[in-house]
Amino acid sequence: IAEAFGIPKAEGALITDVVKDGPADKAGLKPGDVVIKLNKQEIKNVGILRNGISFLHPAEVATLTILRGGKEMEIPVTIGLHPENELNAQEIQKSLGLLVEELTPEIRQQLGVIEEKGVVIKYISPNSIAQYAGLRRGQLILSVNRSPIRSTEEFYQAIREKSTGDQILLHVKEGQGTRFVILHME
């Protein structure tokens with residue numbers, strides 16, 4: 001395959017498909033591109049690429065160095081949610097009535113949050129457990145069950161580990177104050 005694509009070494013990760021309107025598509029990646037670096041780190045195979053991307057957070061911008069038609073190009077790609085986490089978001093919205101998003105620099109500025117880590121409540125379903133608990137859009141979730149949360153992926157993982165009827169302890173920040181909120185999984 002390397003020879004057919006005019007690549008001197010059998011290294012890199014060959015892009016075979018690009019999901020329409022996904023992060024790769026939006027960045028301009030095409031089937032047949034070969035990723036040789038992720039943020040300047042050499043990519044020897046698809047496993048190294050997959051692992052490297054797994055350590056990045058949604059909304060973070062990564063630079064992929066690719067080979068296309070024998071030419072090396074650098075392409076910035078904004079990391080998106082893994083499809084499994086999108087499904088988790090829908091399930092959590094149904095059971096708890098809330099959706100969260102990454103704490104981007106723009107959101108930090110809007111909320112006046114400088115050093116805190118967490119996820120921001122993006123949406124609260126009407127008449128949901130989250131609404132009855134007093135949660136509101138724009139609040140920052142700092143931890144779930146006393147474990148710090150730094151990304152939506154960590155948030156969904158922490159919630160996914162709970163079963164129907166379990167309690168979920170959220171540490172929530174709004175303005176200058178913080179409080180603990182207990183939700184019961186439905």
Side-chain angles (χ1 to χ4, degrees), residues 17-27 38-39 47-62 76-186:
D17 192 23
V18 176
V19 176
K20 184 172 173 34
D21 296 325
D25 185 33
K26 289 176 182 172
L38 169 65
N39 292 334
I48 292 171
L49 177 62
R50 190 178 302 122
N51 288 341
I53 289 173
S54 74
F55 286 106
L56 301 173
H57 299 291
E60 192 173 333
V61 177
V77 179
T78 302
I79 303 301
L81 275 178
H82 188 279
E84 182 179 293
N85 287 335
E86 288 181 21
L87 180 61
N88 288 335
Q90 292 169 3
E91 291 170 1
I92 289 168
Q93 184 180 356
K94 270 189 203 169
S95 64
L96 298 178
L98 80 142
L99 285 176
V100 297
E101 63 184 328
E102 294 294 325
L103 188 56
T104 64
E106 296 81 21
I107 293 173
R108 281 185 179 283
Q109 188 174 4
Q110 288 172 358
L111 299 178
V113 176
I114 298 168
E115 295 188 17
E116 291 88 343
K117 305 237 186 294
V119 292
V120 177
I121 297 175
K122 178 180 182 177
Y123 175 77
I124 297 288
S125 300
N127 303 315
S128 65
I129 296 167
Q131 183 186 39
Y132 292 134
L135 295 175
R136 290 191 307 280
R137 186 176 186 272
Q139 291 176 324
L140 182 64
I141 297 175
L142 303 170
S143 69
V144 175
N145 298 322
R146 297 189 188 147
S147 294
I149 298 296
R150 293 177 296 278
S151 68
T152 55
E153 204 161 314
E154 287 181 4
F155 175 80
Y156 294 128
Q157 180 63 37
I159 301 295
R160 189 170 51 228
E161 292 170 357
K162 294 297 178 184
S163 305
T164 302
D166 285 352
Q167 286 186 344
I168 298 169
L169 178 66
L170 301 179
H171 191 196
V172 180
K173 177 178 177 66
E174 182 176 29
Q176 299 302 315
T178 64
R179 65 187 174 111
F180 286 97
V181 174
I182 292 181
L183 302 176
H184 295 273
M185 286 291 287
E186 282 190 347

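By convention here, the first residue in the shown sequence is residue 1.
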Determine the minimum heavy-atom distance between [X] and [Y], stating which atoms define it.
{"X": "A27", "Y": "P76", "value": "CB-O, 3.4 Å"}
{"X": "I107", "Y": "E102", "value": "CD1-O, 3.5 Å"}
{"X": "I149", "Y": "A158", "value": "CD1-CB, 4.3 Å"}
{"X": "P23", "Y": "T78", "value": "CB-O, 3.2 Å"}
{"X": "N145", "Y": "Q167", "value": "OD1-O, 3.9 Å"}
{"X": "L96", "Y": "I168", "value": "CD1-CD1, 4.0 Å"}

Note to self: Are L140 and V119 packed together at the side-chain level, in the sense that at least one heavy-atom pair is separated by less than 4.5 angstrom?
What the structure shows: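 When only atoms from C-beta onward are counted, V119 and L140 do not touch, as no gap falls below 4.5 Å.
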
Interatomic spacing from [atom1] in [X] to [atom2] in [Y] - rounded to 0.5 Å:
{"X": "I79", "Y": "E153", "atom1": "CD1", "atom2": "CD", "result": "10.5 Å"}
{"X": "R137", "Y": "L98", "atom1": "CZ", "atom2": "CG", "result": "13.0 Å"}
{"X": "F155", "Y": "S147", "atom1": "CZ", "atom2": "OG", "result": "12.5 Å"}
{"X": "L170", "Y": "L183", "atom1": "CG", "atom2": "CG", "result": "5.0 Å"}

Next item on the list: Kindly check if the number of other-residue, nucleotide or ligand heavy atoms within 6.0 Å of NZ (K173) is above 12?
Entry: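 Counting other residues, nucleotides and ligands, NZ of K173 exceeds 12 neighbours.
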
Notebook entry, point to check: Does R179 CZ have over 12 foreign heavy atoms under 6.0 Å away?
Noted result: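 Correct, the count exceeds 12.
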
Notebook entry, point to check: Can you list the steps and then say if H171 with T178 is a side chain to side chain contact (heavy atoms under 4.5 Å, CB included)?
Noted result: CA-CA 7 Å; H171 191 196; T178 64; 3.3 Å; yes

Closer than 3.5 angstrom, by distance alone: can the side chain of [X] be matched with the main-chain N or O of [Y] as a donor-acceptor pair?
{"X": "R150", "Y": "G118", "answer": "no"}
{"X": "R108", "Y": "E116", "answer": "yes"}
{"X": "K20", "Y": "G22", "answer": "no"}

Check: Residues in side chain to side chain donor-acceptor pair (under 3.5 Å) with D21, at least two apart?
Finding: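 Side chain to side chain donor-acceptor pair (under 3.5 Å) check on D21 returns nothing, list empty.
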
Check: Checking side chain to side chain contact (heavy atoms under 4.5 Å, CB included) for the pair K117/L103: CA distance, chi angles, key distance, verdict?
Finding: CA-CA 8 Å; K117 305 237 186 294; L103 188 56; 5.9 Å; no

Sequence neighbours excluded and cut-off under 3.5 Å, please list the side-chain donor-acceptor pairs for residues 124-135, or say none.
from : atom 1 : to   : atom 2 : distance (Å)
N127 : OD1    : Y132 : OH     : 3.3
S128 : OG     : S125 : O      : 2.7
S128 : OG     : Q131 : N      : 3.2
Q131 : OE1    : N127 : N      : 2.5

